[in-house]
Amino acid sequence: MSGLSASVPEFPEWPQFGDEERAGLIRALEQGQWWRVGGSEVDTFEAEFGAYHGTPHALAVTNGTHALEVALEVLGVGPGTEVIVPAFTFISSSLAAQRLGAVAVPVDVDLDTYCIQPEAVAAAITDRTRVIMPVHMAGQMADMDALDKIAADAGVAILQDAAHAHGAQWQGKRVGELGSVAAFSFQNGKLMTAGEGGAVLFPDQESYERAFLVHSCGRPRTDRDYLHRTTGSNYRMNEFSAAVLRAQLSRLDSQIELREQRWPLLASLLAQIPGVVPQGRDDRGDRNPHYMAMFRVPGIGEQRRRVVVDELIARGIPAFVAFRAIYRCEGFWLAGAPDETVDQVAARCPNVEQIHADCIWLHHRTLLGTEEQMHQIAAVLADVLGE
């Protein structure tokens with residue numbers, strides 16, 4: 001492979017936008033009401049996003065971290081409770097629980113899919129556990145069959161962190177059809193975006209109504225007398241963001257279809273490079289939107305990995321080091337941490353110890369490129385690793 005290409009032609013830009021987004025912004029502007037209570041864009045987006053994912057109960061919020069916080073509060077998380085999270089994830093997964101006064105309990109992930117390990121979840125459950133939070137890493141859904149059984153047996157709830165999983169499916173079921181709460185992010189790099197934004201899907205109307213109060217300072221939708229019924233904050237999405245997201249949603253299917261075509265090719269090419277191990281796939285996750293193209297280089301070491309990522313970027317490939325294990329971030333230990341040391345948590349998360357030190361990911365816009373570009377990515381990576 002070495003020498004086939006010194007660099008890769010430019011990939012499609014991200015975010016993608018066009019006349020649909022422009023029309024939506026003008027529509028939101030000209031309706032004369034720019035917040036959700038007086039406008040129609042947020043309500044319409046919620047209906048469209050919920051229907052796309054298989055539930056009529058969708059709540060739009062300010063960002064993905066707030067989506068997790070709202071969902072956790074509705075599920076009864078607070079002081080004295082615990083939330084089980086994967087140790088390999090973006091730290092919002094744990095911080096959302098910690099911000100509510102709960103203890104975030106990090107557990108190991110599968111070495112192939114990078115998703116939370118069901119047996120590690122089962123071992124971590126205590127009488128204080130309120131929620132299990134699987135993260136659908138890079139669009140690969142966690143083992144929802146095993147997790148549903150564990151949750152049912154323990155009498156605890158599941159909150160899907162679906163920040164990477166817009167449009168994903170598990171055995172033909174959409175995220176909103178799995179019977180549990182799910183939270184999404186629309187941050188700038190996500191599969192659909194308004195720069196920031198989030199959404200929560202609920203399996204029933206009662207949970208949705210509770211969440212609406214939480215996200216609007218405890219105030220009912222039709223209140224005119226400031227009769228705030230519960231605690232909460234202002235997590236309301238504005239009309240302009242919702243208008244953009246409606247357009248973004250209309251693009252999602254075609255983008256997922258293309259990424260589903262490109263990833264098997266790229267993964268097979270990466271697997272041919274000595275020492276490179278692409279993220280695996282659980283085929284029960286029968287629709288993967290591929291938020292990231294992830295692979296490991298076991299034994300590379302963090303310093304060498306940084307050099308490799310910098311060189312990939314220099315050659316035109318948008319590459320990143322993987323998330324750091326949450327228990328190896330100082331912020332994790334400032335509030336709501338388990339009564340353990342870093343070394344104790346690391347000892348029960350051997351897979352995370354490997355992945356967070358040797359994993360690299362490529363932005364999902366690479367998978368919107370051509371077949372030729374998939375070959376070029378592999379050629380460049382082989383070149384860089386061989387240097």
Side-chain angles (χ1 to χ4, degrees), residues 1-25 90 137-140 163-167 185-197 244-245 247-273 276 278-279 288-297 300 304-323 359-387:
M1 275 186 186
S2 182
L4 287 178
S5 177
S7 62
V8 180
E10 289 188 8
F11 295 99
E13 291 294 326
W14 193 265
Q16 295 188 346
F17 65 92
D19 289 341
E20 298 89 344
E21 284 80 1
R22 293 186 184 93
L25 287 169
F90 185 68
M137 182 57 62
Q140 167 61 59
H164 303 174
H166 312 69
S185 171
F186 306 125
Q187 176 268 344
N188 199 64
K190 295 301 187 293
L191 294 165
M192 48 181 288
T193 181
E196 290 285 5
V244 169
L245 288 167
Q248 291 278 295
L249 181 60
S250 72
R251 302 172 183 278
L252 187 58
D253 275 339
S254 61
Q255 292 167 341
I256 291 175
E257 182 179 349
L258 182 54
R259 286 190 293 262
E260 280 273 58
Q261 292 173 14
R262 295 291 183 259
W263 172 246
L265 172 59
L266 179 59
S268 68
L269 295 169
L270 294 178
Q272 295 174 34
I273 303 172
V276 175
Q279 181 188 19
N288 185 334
H290 300 287
Y291 171 58
M292 299 182 280
M294 305 186 82
F295 58 91
R296 296 177 55 221
V297 187
I300 191 173
R304 171 63 176 154
R305 179 180 61 174
R306 168 57 66 189
V307 172
V308 167
V309 166
D310 288 346
E311 184 62 23
L312 291 174
I313 293 170
R315 299 199 194 188
I317 300 175
F320 304 82
V321 300
F323 303 128
C359 185
I360 294 171
W361 63 274
L362 311 181
H363 193 281
H364 59 80
R365 67 188 179 92
T366 59
L367 297 177
L368 298 178
T370 64
E371 289 189 6
E372 181 182 1
Q373 285 179 309
M374 303 305 106
H375 287 272
Q376 290 169 328
I377 290 170
V380 168
L381 179 61
D383 242 3
V384 171
L385 291 175
E387 290 177 350

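Partners of H164 under the side-chain hydrogen bond (donor to acceptor under 3.5 Å, both in side chains) rule, at least two apart in sequence or in another chain, do not exist in this structure. Scanning for salt bridge (charged side-chain N to carboxylate O under 4.0 Å, His left out) contacts around R22 gives D19, with sequence neighbours left out. Under the rule for a ring-ring contact (aromatic ring centres under 6.0 Å, His included), F17 has no partner lying at least two apart in sequence or in another chain. The side-chain hydrogen bond (donor to acceptor under 3.5 Å, both in side chains) search around R251 returns E20, E21, not counting sequence neighbours. Legend: residues meeting side chain to side chain contact (heavy atoms under 4.5 Å, CB included) with L265, ordered by chain and number and at least two apart, are S268, L269, E371, M374, H375. Remark: H364 pairs with W14, Y291 by the ring-ring contact (aromatic ring centres under 6.0 Å, His included) rule, at least two apart or across chains. With sequence neighbours excluded, no residue forms a salt bridge (charged side-chain N to carboxylate O under 4.0 Å, His left out) with E196. Annotation: side-chain hydrogen bond (donor to acceptor under 3.5 Å, both in side chains) contacts of Q16 (sequence neighbours excluded): Q255. Contacts of E260 classified as salt bridge (charged side-chain N to carboxylate O under 4.0 Å, His left out), with partners at least two apart in sequence or in another chain: R281. Under the side chain to side chain contact (heavy atoms under 4.5 Å, CB included) criterion, V309 pairs with R305, R306, I313, A319, V321, I360, sequence neighbours left out. Under the side-chain hydrogen bond (donor to acceptor under 3.5 Å, both in side chains) criterion, R259 pairs with no residue, sequence neighbours left out. In this structure, the side chain to side chain contact (heavy atoms under 4.5 Å, CB included) partners of D253, at least two apart in sequence or on a different chain, are Y52, R287.
A donor-acceptor contact shorter than 3.5 Å is absent between the side chain of Q373 and the backbone of V8.
The shortest heavy-atom contact between R262 and T370 is NE-C, 3.6 Å. Here the closest heavy-atom approach between residue L252 and residue L191 is recorded as CD1-O, 3.9 Å. For P278 against A271, the heavy-atom pair with the smallest separation is CG-N, 3.9 Å. Between L266 and A293, the shortest heavy-atom distance links the atoms CD2-CB, 4.2 Å.
Using a 4.5 Å cut-off on side-chain heavy atoms (C-beta onward), P289 and H166 make no contact. In this structure, M137 and M294 have side chains that are in contact, with non-hydrogen atoms separated by less than 4.5 Å. With contacts defined as side-chain heavy-atom distances shorter than 4.5 Å, the pair L381/F295 qualifies. With contacts defined as side-chain heavy-atom distances shorter than 4.5 Å, the pair Q279/W361 does not qualify. Between E372 and P9, the closest side-chain pair of non-hydrogen atoms is not below 4.5 Å. A heavy-atom distance below 4.5 Å is not found between the side chains of R304 and V297.
Counting non-hydrogen atoms of neighbouring residues, nucleotides and ligands closer than 6.0 angstrom, the CD atom of E257 reaches no more than 12 such neighbours.
Of the candidates L362, T366, L368, F11 forms a side chain to side chain contact (heavy atoms under 4.5 Å, CB included) with just one, namely T366.
Note: L270 CG to I377 CD1 = 7.5 Å, rounded to the nearest 0.5 Å.
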